[in-house]
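All values derive from a computational prediction rather than experimental measurement. All residue numbers refer to positions in the sequence shown, counting from 1.
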Amino acid sequence: MKKALMVSAALAALWPFAASAAERTLTISVYAFAQDDFKTLVYDPFEAQCGCKLVVETGNSVERLAKMEANKANPVVDLAAVSMADALAASRAGLTDKIDTAKLANFAKLYDVAKDPNGDGMSVGYTFYATSIAYRSDKMKIESWADLLKPEYVGHVAFPNVTTNQGPPALYMLGLSLGKDTPDLQSPIEALGEKKDDIVTFYEKSSQLVQLMQQEEIWAAPIGRFSWAGFTKLDLPVAWATPKEGQTGGMNVLVLTKGSKNQDLAMQFMDFWLSTEIQTKLAEKLIDSPANREVKISEGAAGNLTYGEETAKSLKLIPSAIALDNRAGWLKTWNEKIGQ
């Protein structure tokens, strides 16, 4: 009886620590995209595994980075999902910490391009996407990005506005096709400016493009691969271009908030998100293209994602430093040559 009481006393003494562990809270800042699926596939399973509570904050990048900056002295967010360029901006502002990748069991499984996207050890890629041209294969032939500006095609083209995620990458590839590889993007913007009255629209939301193509107002548009699925549902011959200059794209990454009191838990969540199981589930639902090279998915899913090692190696991504240092200049030139 005495022994039993001693055991009970010992358990009681440990109970506050057990309760404390169970009540741990991890706050993450993510894109609003597909949150119902993320809850089912990622958040709920992680909570079950860690015995913790996950608080999810969503919003656009500007709002979320501003909140991190405002709470720099006493961080609210522990981990954030952002673009490569935003990750570098956060790093420059002293908002993030270096990631100890030795603590990530799944780090070695990532494509090389995702392991240290900005070369500063402050982010890890969890998904990437290709940007190329969706086009009517019965109306035109796309062998180069420059084909978009051909007289017989340009009057049926939509091009992304420079302020969108697809704008600068598409301009960069257009510049390459014109023999220009300069970070100011002046040459491709000027080339577009000369054709601005012919181009159907400089779009800001890719969601409008499917309808424009359905109505045959456009035949071609540079898009991110994540927008491709909508075009495949059209009763039209729409193809994904493989221009001779290659494809561009973007990458989203995970960062740790500097000064967070839950970095160990944040690292656990990061590793969970990068695991083969979770990345496979997200890919099969067509939510994210996997950064984990061990992921194997169905042919149908692969056809709608940026998938495979060769594709990952072939993407010509704009370095984050170039994007950050030239954004203001791009917008100025765009407004001068094309207009707001």
Side-chain angles (χ1 to χ4, degrees), residues 31 33-34 36-38 40-42 83 109-114 125-145 147-148 157-158 160 164-166 169-170 173 203 205-214 216 218-252 273-317:
Y31 296 102
F33 172 70
D36 288 342
D37 287 322
F38 270 106
T40 301
L41 301 176
V42 185
S83 70
K109 300 176 184 178
L110 300 179
Y111 293 118
D112 288 343
V113 70
Y126 69 90
T127 188
F128 52 83
Y129 59 85
T131 292
S132 190
I133 303 163
Y135 71 100
R136 284 282 299 271
S137 58
D138 61 329
K139 301 284 190 181
M140 59 201 305
K141 189 174 183 180
I142 298 291
E143 296 178 335
S144 166
W145 284 82
D147 291 340
L148 292 173
V157 168
T164 67
N165 287 336
Q166 304 308 305
M173 297 308 295
Y203 76 85
K205 294 183 178 180
S206 59
S207 56
Q208 72 187 100
L209 298 177
V210 173
Q211 183 176 359
L212 288 174
M213 192 164 284
Q214 174 71 56
E216 304 204 30
I218 64 170
W219 293 348
I223 63 167
R225 190 69 176 186
F226 53 83
S227 300
W228 173 242
F231 291 89
T232 66
K233 297 173 183 176
L234 294 176
D235 188 23
L236 294 169
V238 184
W240 179 267
T242 53
K244 62 184 180 181
E245 298 86 12
Q247 300 180 58
T248 181
M251 182 181 301
N252 291 335
W273 196 334
L274 299 175
S275 68
T276 304
E277 179 185 0
I278 296 303
Q279 292 252 310
T280 300
K281 289 179 178 179
L282 290 170
E284 285 291 353
K285 289 285 286 186
L286 305 183
I287 296 168
D288 278 340
S289 295
N292 183 322
R293 55 183 167 77
E294 291 190 353
V295 171
K296 307 297 181 187
I297 56 178
S298 65
E299 185 176 339
N304 287 294
L305 296 171
T306 304
Y307 176 70
E309 189 153 10
E310 290 306 311
T311 302
K313 288 179 179 178
S314 71
L315 297 183
K316 296 178 179 178
L317 305 180

Residues two or more places apart in sequence or in another chain: which of them pass salt bridge (Lys or Arg N to Asp or Glu O under 4.0 Å) with Lys244?
none

About how many Å separate OH of Tyr129 and CE of Met251, when rounded to the nearest 0.5 Å?
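Reported to 0.5 Å precision, the distance equals 10.5 Å.
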
Rounding to 0.5 Å, atoms CD1 (Ile297) and OG (Ser289) come to a distance of 7.5 Å

Any heavy-atom pair between the side chains of [Y] and [X] that's under 4.5 Å?
| X | Y | answer |
| --- | --- | --- |
| Leu315 | Tyr111 | no |
| Asp147 | Ile133 | no |
| Thr127 | Leu282 | no |

For residues [X] and [Y], report the shortest heavy-atom separation together with the two atoms involved.
| X | Y | result |
| --- | --- | --- |
| Lys296 | Glu284 | O-OE2, 4.4 Å |
| Tyr203 | Pro160 | CE2-N, 3.4 Å |
| Pro290 | Phe128 | O-CE2, 3.6 Å |
| Ala170 | Thr248 | N-CG2, 4.3 Å |
| Phe38 | Asp288 | CZ-OD2, 3.5 Å |
| Ala291 | Gln279 | N-OE1, 2.7 Å |

How about Thr276 and Asn292: does a side-chain donor come under 3.5 Å of a side-chain acceptor?
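Present: a donor and an acceptor within the cut-off.
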
Applying ring pair (Phe, Tyr, Trp, His ring centres under 6.0 Å), name anything that partners Trp145, two or more places apart in sequence or on another chain.
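Not a single residue meets the ring pair (Phe, Tyr, Trp, His ring centres under 6.0 Å) criterion with Trp145.
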
With a 4.0 Å cut-off, would you call Glu216 and Arg136 a salt bridge?
yes

N/O donor-acceptor pairs under 3.5 Å from side chains in residues 220-241, not counting sequence neighbours:
unit_1 : atom_1 : unit_2 : atom_2 : d
Arg225 : NE     : Leu305 : O      : 3.4
Arg225 : NH2    : Gly303 : O      : 2.5
Ser227 : OG     : Ser206 : OG     : 3.2
Thr232 : OG1    : Ala229 : O      : 2.6
Trp240 : NE1    : Gln247 : OE1    : 3.1

